[in-house]
Amino acid sequence: MRLLLISDTHGRTSALEALLIQYAFEVDLVCHMGDHAKDMLKFQSKYPSLQMVVVAGNCDYEHGLFSEQIINIGNKRILITHGHFQNVKSNLQNLVYYAQEKNVDGCFFGHTHQPICDRINEIFIINPGSLTEPRGGVKRPSYGIVNIDEDTGEIKGEIINI
């Protein structure tokens with residue numbers, strides 16, 4: 001299964017729309033990890049066959065959005081969250097502990113606007129960065145692509161700069 005990961009669009013959707021056009025027939029799922037999650041929701045009617053998962057960030061005030069979701073892909077459990085409740089701007093320790101408590105194999109998050117793709121304590125973690133506001137010395141907007149082999153369960157990810 002191939003996934004497109006985006007986060008922190010903050011109301012600017014031109015890069016998001018370009019990615020949806022580019023990947024509409026290449027990915028099985030699009031995940032938006034919050035901060036203007038409604039940016040993703042406005043494309044649901046335009047791409048009805050594209051499965052989307054959206055979680056609320058600290059800048060999302062819409063009713064009906066969850067702050068996290070756990071999805072199952074094959075035999076893998078993936079936590080999708082924004083990360084602000086786990087204080088990811090300070091370090092990733094709380095996020096990794098939280099993921100372990102939730103008994104997940106992977107964790108997709110946002111909030112920092114800084115991309116990372118790593119494995120910590122057996123947990124695959126990825127933050128795609130921000131499509132609109134890179135921070136912390138990051139010069140270019142970015143997004144993530146994750147591949148989960150449904151037979152072997154292997155999770156691989158990459159950060160792609162725009």
Side-chain angles (χ1 to χ4, degrees), residues 1-85 95 99 102-119 123-134 140-162:
M1 182 171 235
R2 191 168 193 210
L3 297 82
L4 170 63
L5 308 184
I6 54 165
S7 189
D8 298 284
T9 50
H10 291 278
R12 293 184 296 283
T13 60
S14 59
L16 171 57
E17 186 168 22
L19 287 178
L20 291 175
I21 290 167
Q22 178 181 349
Y23 287 102
F25 300 104
E26 296 180 26
V27 297
D28 302 295
L29 178 68
V30 180
C31 301
H32 190 298
M33 276 73 70
D35 277 1
H36 287 255
K38 66 182 178 184
D39 294 347
M40 187 78 229
L41 297 175
K42 75 184 213 178
F43 291 105
Q44 282 182 320
S45 61
K46 190 170 183 178
Y47 298 95
S49 63
L50 191 55
Q51 186 179 359
M52 299 178 184
V53 174
V54 177
V55 296
N58 59 299
C59 294
D60 292 313
Y61 307 105
E62 294 82 13
H63 297 288
L65 290 179
F66 296 106
S67 62
E68 66 182 50
Q69 290 191 47
I70 293 179
I71 61 171
N72 294 301
I73 300 174
N75 65 348
K76 296 298 179 184
R77 289 172 41 91
I78 306 295
L79 170 66
I80 301 169
T81 187
H82 187 60
H84 58 297
F85 290 125
L95 180 70
K102 293 290 186 177
N103 195 32
V104 297
D105 303 289
C107 181
F108 306 163
F109 70 103
H111 191 53
T112 66
H113 296 227
Q114 298 174 339
I116 183 172
C117 183
D118 203 353
R119 190 170 303 276
I123 307 283
F124 172 83
I125 61 165
I126 186 168
N127 179 334
S130 173
L131 274 181
T132 60
E133 298 178 8
R140 295 168 57 193
S142 58
Y143 63 95
I145 295 290
V146 170
N147 290 293
I148 301 176
D149 187 306
E150 293 187 57
D151 294 326
T152 66
E154 184 178 18
I155 306 172
K156 291 183 179 178
E158 66 178 309
I159 303 296
I160 300 172
N161 295 313
I162 297 177

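Just so you know, these numbers come straight off a predicted model, no measurement behind them. The first residue of the sequence shown is numbered 1, and numbering continues consecutively from there.
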Side chain proximity check, T13 to L131, heavy atoms < 4.5 angstrom: no
Check: D60 side chain, A37 main-chain N or O, donor-acceptor pair, under 3.5 Å: yes
K76 atom NZ, over 12 foreign heavy atoms within 6.0 Å: yes
Any donor-acceptor pair under 3.5 Å from D35 side chain to C59 backbone: yes
side-chain contact (heavy atoms from CB on, under 4.5 Å) assessment of H32 paired with I6: CA-CA 5 Å; H32 190 298; I6 54 165; 3.4 Å; yes
V55 to Q69 - nearest heavy-atom pair and separation: CG1-N, 3.8 Å
Mutual orientation of the aromatic rings belonging to H36 and H10 [parallel < 30°, tilted 30-60°, perpendicular > 60°]: tilted
N/O donor-acceptor pair under 3.5 Å between H113 side chain and E133 backbone: yes
Ring geometry between F124 and F108 (parallel below 30°, tilted from 30 to 60°, perpendicular above 60°): perpendicular
Qualifying residues under side chain to side chain contact (heavy atoms under 4.5 Å, CB included), relative to I160, sequence neighbours excluded: Y23, Y143, I145, E158
Separation of C107 SG from I70 CD1 (nearest 0.5 Å): 9.5 Å
Rounded distance [0.5 Å steps], CG in L50 versus CG in L29: 7.5 Å
NE2-OG distance between H84 and S67, expressed to the nearest 0.5 angstrom: 6.5 Å
Test side-chain contact (heavy atoms from CB on, under 4.5 Å) applied to E26 and R2, step by step: CA-CA 7 Å; E26 296 180 26; R2 191 168 193 210; 3.4 Å; yes
Nearest heavy atoms of I148 and I73, plus distance in Å: CD1-CD1, 3.6 Å
Gap separating the CG atom of L4 from the CE atom of M52, nearest 0.5 angstrom: 9.5 Å
pair E68-F85: side-chain heavy atoms closer than 4.5 Å: no
Closest contact, heavy atoms only, P128 versus G144: CB-N, 3.4 Å
Derivation and outcome, side-chain contact (heavy atoms from CB on, under 4.5 Å), residues L41 and L65: CA-CA 11 Å; L41 297 175; L65 290 179; 4.0 Å; yes
Candidate pair T132 and D8, rule side-chain contact (heavy atoms from CB on, under 4.5 Å), full reasoning: CA-CA 7 Å; T132 60; D8 298 284; 5.7 Å; no
Distance (rounded to the nearest 0.5 Å) between M40 CE and E17 CD: 10.5 Å
4.5 Å side-chain heavy-atom contact, H82 and S7: yes
K102: side-chain hydrogen bond (donor to acceptor under 3.5 Å, both in side chains) partners, not counting sequence neighbours: none
Pairwise side-chain contact, P141 with P134, heavy-atom cut-off 4.5 Å (strictly under): yes
Side-chain donor or acceptor of D39 paired with backbone N/O of G11 under 3.5 Å: yes
Gap separating the CE atom of M33 from the CG atom of N127, nearest 0.5 angstrom: 7.0 Å
Whether T81 side chain and F109 backbone form a donor-acceptor pair below 3.5 Å: no
Heavy-atom pair of closest approach, residues A99 and L79: CA-CD2, 4.4 Å
